[in-house]
Amino acid sequence: MYSEEQQLYFSKNLLEWYQTHKRDLPWRRSKNPYYIWISEVMLQQTRVDTVIPYFHRFVDQFPTVEALATAPEENVLKAWEGLGYYSRARNLQSAVREVHERYEGVVPQNKADISALKGVGPYTSGAILSIAYNKPEPAVDGNVMRVLSRYFLIEEDIMKPSTRTIMEKLARELILEGTASDFNQALMELGAMVCTPRSPHCLTCPVMAHCSAREAGMEEALPIKKKAKPPRPELRAVAFVEGTGENAGKWLIRQRPQEGLLARMWELPHVEWPSSGWQSDEENMSELRQALAEQELIGIQPDEWFMDTEHIFSHIVWKMKVYRAKLGDANRQSTGEEWIPFHYRWVGPEDLQNYAFPNVFVRIMREWQEQCEE
DNA sequence: AAAGCGGGGTG
DNA sequence: CACCCAGCTTT
């Protein structure tokens with residue numbers, strides 16, 4: 001399909017370039033398959049600069065397959081706090097437990113076994129097999145598709161699953177005997193450092209001379225990519241509940257459901273708001289009290305607007321209003337209607353290290369602490 | 001094939 | 001502000 005000369009030039013020059021230009025990244029300092037695995041899962045949808053501190057902390061806390069396999073899940077989730085896509089953490093631990101129990105702690109070295117592990121798809125299996133074990137398997141991520149689509153001028157939509165299959169076949173052909181580990185890393189490194197999304201740095205590219213997109217003046221138009229749908233808006237009203245009496249200085253938090261969005265993470269109590277929109281603060285607070293009661297959180301009394309904030313997921317945008325609220329002894333004694341379900345907890349600032357929160361709630365709690373210091 | 005699933009960055 | 005980065009699982 002593509003000329004053998006163009007392919008061979010690409011593989012040889014890319015490998016040579018990588019030897020002198022590769023970054024010194026923490027997960028490149030060993031070939032420990034377990035460490036490579038952790039890094040690859042963290043790097044899914046996440047940039048290198050973000051991952052580095054998480055990687056250090058994670059391997060420090062869970063240095064071996066056994067350590068991660070036997071750790072409490074909440075500790076793993078806490079170590080993942082802020083990285084996003086938390087099913088990655090739960091799947092990783094589940095898969096590491098399987099490696100611990102079924103494979104005596106040795107990460108499988110064949111495509112079928114490693115691909116059967118939770119959270120290990122075509123990219124991650126190829127990355128581990130090639131980088132850690134030097135197996136000639138392709139590892140096609142977004143960087144690789146961008147580089148290949150340009151160098152070979154491939155105009156298929158890279159969002160289509162069928163395009164990845166084409167890319168994998170091509171990437172497999174490009175691996176020269178015995179070079180899988182370095183070549184796959186070189187391919188991704190080129191995409192990250194030179195053949196970047198917006199304005200590729202062609203003049204420093206080691207394979208510019210035979211790049212088809214460059215020859216055609218197409219490098220900025222590739223890869224072809226269908227646009228994602230914009231996130232749908234959701235209104236959310238949050239109750240920042242400050243304790244009184246024996247709970248003075250503490251806040252009320254709760255754990256999210258076992259499945260779905262932000263599964264098993266902790267959060268401030270809140271309700272989804274009708275899309276018809278906000279009313280006055282007075283009306284909002286009254287509505288919030290009733291809505292929380294319908295969630296069986298009875299006796300909450302919002303009393304003051306605190307802040308507005310927004311949290312953007314890939315598919316939803318939460319537009320949030322946060323209200324201060326009380327649930328105190330006075331309330332309990334006068335009404336006798338207070339009831340807090342078991343998955344709620346009173347925590348102080350010193351307890352936060354024991355719970356994993358989505359970033360949006362970390363931001364709200366940090367804002368509250370800053371205002372307290374004033 | 002499409003949707004669900006977080007959190008960042010840049011111009 | 002609009003725009004960009006994106007792999008695995010489930011439906």
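Annotation: proximity of residues 253-262 of chain A to DNA chain B (heavy atom, distance under 4.0 Å) is found for Gly260(A), Leu261(A), Leu262(A), numbered in ascending order. Residues from residues 351-365 of chain A that place a heavy atom under 4.0 Å from any atom of DNA chain B, listed by number: Pro358(A), Asn359(A).
Residues meeting the side-chain contact (heavy atoms from CB on, under 4.5 Å) test with Ser286(A), sequence neighbours left out: Gln290(A). Scanning for side-chain contact (heavy atoms from CB on, under 4.5 Å) contacts around Ala171(A) gives Pro138(A), Val140(A), Leu148(A), with sequence neighbours left out. Residues forming a side-chain contact (heavy atoms from CB on, under 4.5 Å) with Lys31(A) (at least two apart in sequence, or on another chain): Ser181(A), Gln185(A). Residues satisfying the side-chain contact (heavy atoms from CB on, under 4.5 Å) test with Arg363(A), not counting sequence neighbours, are Thr309(A), His311(A), Val360(A). Trp305(A) is linked by a side chain to side chain donor-acceptor pair (under 3.5 Å) to Asp308(A), counting only residues two or more places apart in sequence or in another chain.
The distance from atom CH2 of Trp80(A) to atom C1' of dC5(B) is 14 Å, rounded to the nearest whole Å. Between the CG atom of Leu83(A) and the P atom of dG8(B) there is a distance of 9 Å, given to the nearest Å. In this structure, Lys229(A) atom NZ and dG4(B) atom C1' are separated by 11 Å, rounded to whole Å.
Take the nearest nucleotide of DNA chain B for Tyr54(A) and for Ser199(A): the residue whose nucleotide is more 5' is Tyr54(A).
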For residues 191-203 of chain A, which side-chain N or O atoms pair as donor and acceptor with protein atoms under 3.5 Å away, sequence neighbours left out?
from      : atom 1 : to        : atom 2 : distance (Å)
Thr196(A) : OG1    : Ser199(A) : O      : 3.3
His201(A) : ND1    : Val194(A) : O      : 3.3

Distance-only check: which donor-acceptor pairs under 3.5 Å involve side-chain atoms of residues 53-61 of chain A, not counting sequence neighbours?
from     : atom 1 : to       : atom 2 : distance (Å)
Tyr54(A) : OH     : Glu81(A) : O      : 2.7

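Residue pairs meeting the side chain to side chain donor-acceptor pair (under 3.5 Å) criterion with at least one partner in residues 349-359 of chain A, sequence neighbours excluded, are Arg345(A)-Tyr355(A). Residue pairs meeting the side chain to side chain donor-acceptor pair (under 3.5 Å) criterion with at least one partner in residues 65-74 of chain A, sequence neighbours excluded, are Glu73(A)-Arg264(A).
Spacing between dT11(C) and dG6(B) at atom P, rounded to whole Å, works out to 15 Å.
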**Asked** For nucleotides 5-11 of chain C, read 5' to 3', which letter fits each nucleotide if B means a protein heavy atom sits under 4.0 Å from the base, S means only the sugar-phosphate is that close, and - means neither?
**Response** SBBSS--

